Number of protein chains: 4
Amino acid sequence: MSASPERREELLATAAEVFAAQGYNATTVRKIADAAGMLAGSLYYHFDSKESMLDEILSAFLDELWARYDAVLAAGLGPRETIEALVTESFREIDRHRAAVAIYQKESRHLQTQPRFAHLAGSQQQFEKAWLGTLERGVADQVFRADLDVRLTYRFVRDTVWVAASWYRPGGQHSPEEIARQYLSMVLEGIALRE
Amino acid sequence: MSASPERREELLATAAEVFAAQGYNATTVRKIADAAGMLAGSLYYHFDSKESMLDEILSAFLDELWARYDAVLAAGLGPRETIEALVTESFREIDRHRAAVAIYQKESRHLQTQPRFAHLAGSQQQFEKAWLGTLERGVADQVFRADLDVRLTYRFVRDTVWVAASWYRPGGQHSPEEIARQYLSMVLEGIALRE
Amino acid sequence: MSASPERREELLATAAEVFAAQGYNATTVRKIADAAGMLAGSLYYHFDSKESMLDEILSAFLDELWARYDAVLAAGLGPRETIEALVTESFREIDRHRAAVAIYQKESRHLQTQPRFAHLAGSQQQFEKAWLGTLERGVADQVFRADLDVRLTYRFVRDTVWVAASWYRPGGQHSPEEIARQYLSMVLEGIALRE
Amino acid sequence: MSASPERREELLATAAEVFAAQGYNATTVRKIADAAGMLAGSLYYHFDSKESMLDEILSAFLDELWARYDAVLAAGLGPRETIEALVTESFREIDRHRAAVAIYQKESRHLQTQPRFAHLAGSQQQFEKAWLGTLERGVADQVFRADLDVRLTYRFVRDTVWVAASWYRPGGQHSPEEIARQYLSMVLEGIALRE
DNA sequence: AATGAATGAGGTTTCATTCAT
DNA sequence: AATGAATGAAACCTCATTCAT
């Protein structure tokens, strides 16, 4: 029931791709096994259940994400620089864990209702605290506009970044850093041309 | 297999709520029937299948959306005014068909692989043509910035609007028009304070 | 998920027969369905799970048994008459619920380790209290022999009665009352001929 | 597929404990392996199959039992002394092979339907012949009561002895011989106090 | 002698769907 | 219009067994 970490990692990566492409519920264990070149039952040598695969995929992603976020938040940057760093780290995370991010986007809301995935709600609250807090600090410091509903701004920035997981393909035309740069430019300066 | 249009409408609205809340695949026919106060089998007096419910829900939404979009696009407005009108109509549509929009966001990508829902791909291409075309026209007219990858801009604007369906609740603090106004302000002018 | 009580009763009786004949674990849901003339999946219209069938079978038996036992214990009989009444009611219960009794005998010990069937342990303790208490009262009253280990006596009497479920067939040569009479005669007077 | 006899013996003893505690069907090969401190597949170096472990466990027990029974039956004792000797040997066997006896009690009936375990039926018939014959001889010799259904008496004595395997723990308060003595006293003289 | 990984058959359960009433 | 009962396919999962190492 333990099995070598490398094999697990491989299989989780495979499973994540299929979950992301087809949706968790629409993904049968057999499809994952097919993609891994084995029989459905064989997956159970490595994992307890389909659900535990999902759990591991999401947890690995969130753990890594929070390690990066925590580093950013601990750096003592100003609000604008913090937002820039968070956005950049987010795109890097999408680059590294594209499938996991896509799954998280699609499934997290209704997964939170299940006890096993209740921790997702906690992560989301922390997330809100970090981003919303930074935006509010920015408004107070007169770095960000004060005439906007800050919660609306929060959702705008948050969603705008993460939905990118639905179309992003690693190894594409733009590096994560370049995408982050352009996104930040849009979000901070707007797309309208200024005279 | 006939049944009054009003009852169908009611049942479709119920089904849409459940699909939006739980995901199409995770929604069993029994859950829909429970929410409608009837037994699972009874739904088949009104509808051919679970899939046809989904089809009707999405089609009703898309038909209405395109009626509005077509009116906007036929109005001969400038690029900026066109974008403003499209965004505003989109938020109105989210207000009217929140559940359908949420379903569309979550499921359309992988539904497109099924023949029955191939038309979703067509709709999406039309959508891209309308929005991307307007943005390109705006760049050419020097209304929108030329230093951004216009496809990235397109995705940014598109996602920015539609993900709102995942948190929007009709009857909330802001009217759809107010939300549209603030979103447009963010997208066009940016969230950074200008000196 | 409710369904008519009569149909449930029929199906439970069928399931109990198969459980008793083959053992709970060796009984597949398909075998029960075959015996009931339906498909395996159809059983799930009436019952939540194979385990819940077992639970209902055992609970119905224990509820009825305790109703009878409680009546006996409340009657204020002497120790010998109490034992006689308990033995007689037990054989009547074997007559009425042979399959359930046989299942109980074979499975209860290891079922008790599962939380869902923890109540079986409680029932068993009550059982011991009633029988052992009566035997001890009989020893004190000089109705039963004092030279035997009373716990050994308890197990002897208890097992003596209940194992009968493994060979008893309703409608056989002897009525439950006749079997009870002979068993009591053996237990009380012994099988050796006295001069 | 050879392996030392001692290791086999150890593993069979372990398997017997688990079979007795959980039931044969409910016992997975993995549970046995866990109890033996090895992996499931490793058991197949020592044994052909789970079934063959069961077979060896039961056969070892029955072989030993019959060796003792045959000695008793060949001794030319009277009916009462024969019953006393058989009961005593039975309790000794329970003491030595508790797990095997418990398994036999629980599983033999439905195992007999499988060709591989058909020999169990033969053993049971021999058993019945020995015990029932002795009882009948005792009735004819006016050693045992004639007013009881002798088949009922047979089942009474037989079950009464063997069910003890379900609660007996080696090394407990009473030696097998002491338990046999008290059981015989109960069976032969009854539990009622005589004036 | 044992491990690690896999197989494949079969088990329990779910669920969209059907249909007589 | 709706119910109650059933079907049948397919899903998740278990487990005895095999086999290269």
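Remember, predicted model here, so these are calculated numbers, not experimental data. Lettering follows sequence order; numbering is per chain, from 1. Scope of the values below: all heavy atoms of this structure, side chains included, with no hydrogens, waters or symmetry mates.
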Whole-Å distance separating the [atom1] atom of [X] from the [atom2] atom of [N]:
X       : N      : atom1 : atom2 : answer
A:Glu6  : E:dG4  : CD    : P     : 13 Å
C:Phe47 : E:dC15 : CZ    : C1'   : 19 Å
A:Leu43 : E:dG8  : CG    : P     : 14 Å
A:Leu11 : E:dG4  : CG    : C1'   : 14 Å
C:Tyr45 : F:dA5  : OH    : C1'   : 5 Å
A:His46 : E:dA5  : NE2   : P     : 6 Å
C:Lys50 : F:dT14 : NZ    : C1'   : 12 Å

Any non-hydrogen side-chain atom of [X] less than 4.5 Å from a side-chain atom of [Y]?
X        : Y       : result
D:Leu39  : D:Arg30 : no
A:Leu11  : A:Ile32 : no
C:Glu107 : C:Phe19 : no
C:Arg116 : C:Ser52 : yes
C:His97  : C:Phe61 : yes

Measuring to OP1 and OP2 of [N], would you say a side-chain N or O of [X] lies under 4.0 angstrom away?
X       : N      : answer
A:Ser4  : E:dA5  : yes
B:Tyr44 : E:dT17 : yes
B:Ser42 : F:dT3  : yes
C:Arg7  : F:dA6  : yes

For C:Ser49 versus C:Tyr44, what's the shortest heavy-atom pair and its separation?
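The pair with the smallest heavy-atom distance is CA-CE2, 3.8 Å.
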
Stretch residues 20-40 of chain A: residues that reach within less than 4.0 Å of DNA chain F through a heavy atom
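Heavy-atom cutoff 4.0 Å gives A:Thr27, A:Thr28, A:Val29.
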
Report the distance from atom CD of B:Gln112 to atom NE2 of B:His119, rounding to the nearest 0.5 Å.
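The CD atom of B:Gln112 sits 9.5 Å away from the NE2 atom of B:His119.
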
For the atom pair CG (D:Leu111) and CZ (D:Arg109), what is the distance rounded to the nearest 0.5 Å?
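With rounding to 0.5 Å, CG (D:Leu111) is 11.5 Å from CZ (D:Arg109).
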
If we ignore angles and hydrogens, is there a donor and acceptor under 3.5 Å between the side chains of D:Asp55 and D:Ser59?
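Note: D:Asp55 and D:Ser59 side chains meet the donor-acceptor criterion.
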
Residue whose nearest DNA chain E nucleotide is more 5′ - B:Gly41 or C:Ser49
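In this pair, the answer is C:Ser49.
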
Secondary-structure notation, DNA chain E, from Watson-Crick and G-U pairs under 3.5 angstrom (| other strand)
.||||||||||||||||||||

